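Proteins come first, then strands; the chains are lettered A, B, ... in the order of their sequence lines, and each starts at number 1. Atoms considered below: every heavy atom in the structure, side chains included; atoms not considered: hydrogens, waters and symmetry mates. Only a predicted model underlies this, so the values are computations on that prediction, with no experimental measurement involved.
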Amino acid sequence: AQSVTQPDIHITVSEGASLELRCNYSYGATPYLFWYVQSPGQGLQLLLKYFSGDTLVQGIKGFEAEFKRSQSSFNLRKPSVHWSDAAEYFCAVEVTGGGNKLTFGTGTQLKVEL
Amino acid sequence: NAGVTQTPKFQVLKTGQSMTLQCAQDMNHNSMYWYRQDPGMGLRLIYYSASEGTTDKGEVPNGYNVSRLNKREFSLRLESAAPSQTSVYFCASTRQREIGETQYFGPGTRLLVL
């Protein structure tokens with residue numbers, strides 16, 4: 001069965017600094033990959049997703065993610081973090097034949113220092 | 001469009017009590033999902049409904065029942081609540097039950113079972 005690992009439970013960055021959130025997946029083939037963001041007290045919102053093609057994917061709010069097959073990774077990046085980016089970020093995978101079910105990582109809580 | 005709405009926002013139950021969590025979407029989506037979110041565990045799928053009139057078990061269905069009342073509404077019922085069901089519950093919907101579809105989430109219901 002597929003699995004998703006987000007090794008960082010908490011990350012703190014200063015406003016204006018760059019950000020990279022790590023995500024590793026375990027699956028035999030290339031899965032469908034997603035990043036969702038959850039602001040405090042809110043539901044999850046899709047930031048971006050990757051299926052195939054260009055391995056660098058652009059999303060909303062200035063985020064991007066890069067798929068690296070050799071490392072089974074799909075890390076999320078942002079060049080300059082804003083205070084409003086403080087939230088919890090979830091990586092998720094979906095696999096063919098998996099019943100169209102998302103498997104989520106455990107999340108990374110981002111704190112932004114002003 | 002309100003998107004995905006959930007009621008109630010908060011609920012406190014005593015062990016053994018029953019309750020129904022309501023979810024509705026106004027995006028004309030075919031598929032709907034119920035997740036629970038627990039600290040350090042990400043989101044786990046409880047039940048889903050691929051289309052009106054169908055429901056299927058997800059990863060953690062025990063202790064829950066669901067009803068797809070119509071295309072808009074998908075309810076989750078706890079027949080006899082247990083402390084282990086203390087969690088945050090999210091409803092989501094997708095246009096179709098196809099791989100890669102973006103899931104749209106409601107704001108969640110926070111449930112405490114004493």
Between B/E59 and B/R44, is the closest basic N to carboxylate O distance under 4.0 Å?
no

Does a side-chain heavy-atom distance below 4.5 Å link B/V113 with B/T15?
yes

Mind checking whether B/Y48 and B/Y89 sit in one hydrophobic cluster, side chains of I, L, V, M, F, W, Y counted as touching below 4.5 Å?
no

Where the side chain of [X] meets the backbone of [Y], is there a donor-acceptor pair that is under 3.5 Å apart?
{"X": "B/D26", "Y": "B/A2", "value": "yes"}
{"X": "B/S49", "Y": "B/S31", "value": "no"}
{"X": "B/S87", "Y": "B/Q37", "value": "yes"}

Winner by heavy-atom pair count (cut-off under 4.5 Å) against chain B, out of [options]:
{"options": "A/T106, A/I9, A/L33, A/V4", "answer": "A/T106"}
{"options": "A/T103, A/L44, A/L46", "answer": "A/L44"}
{"options": "A/F51, A/F34, A/Y36", "answer": "A/Y36"}

Chain B contact via A/Q6 - side chain, backbone, both or neither, heavy atoms under 4.5 Å
neither

Let me know if A/Y50 has heavy atoms under 4.5 Å from chain B in its side chain, its backbone, both or neither.
neither

Cut-off 3.5 Å, side chains only: do B/Q103 and B/Y35 have a donor facing an acceptor?
yes

Go through the side-chain N and O atoms of B/S18 and B/R77 and say whether any donor and acceptor fall under 3.5 Å apart.
yes

Which heavy atom of B/S75 sits nearest a heavy atom of B/W34, and at what distance?
C-NE1, 3.6 Å

Tabulate, in ascending numerical order, the residues of residues 54-62 of chain A having at least one heavy atom closer than 4.5 Å to a heavy atom of chain B, or enter 'none'.
none

Is B/R110 close to chain A through its backbone or its side chain, or both, or neither, when contacts mean heavy atoms under 4.5 Å?
side chain

Which bit of B/Q6 comes within less than 4.5 Å of chain A, counting heavy atoms only: side chain, backbone, both or neither?
neither

On the 0 to 90° scale, with breaks at 30° and 60°, tag the B/F90-B/F105 ring pair as parallel, tilted or perpendicular.
perpendicular

Please identify, among B/T94, B/T102, B/D38, the residue contributing the most non-hydrogen atom pairs under 4.5 Å to chain A.
B/T102

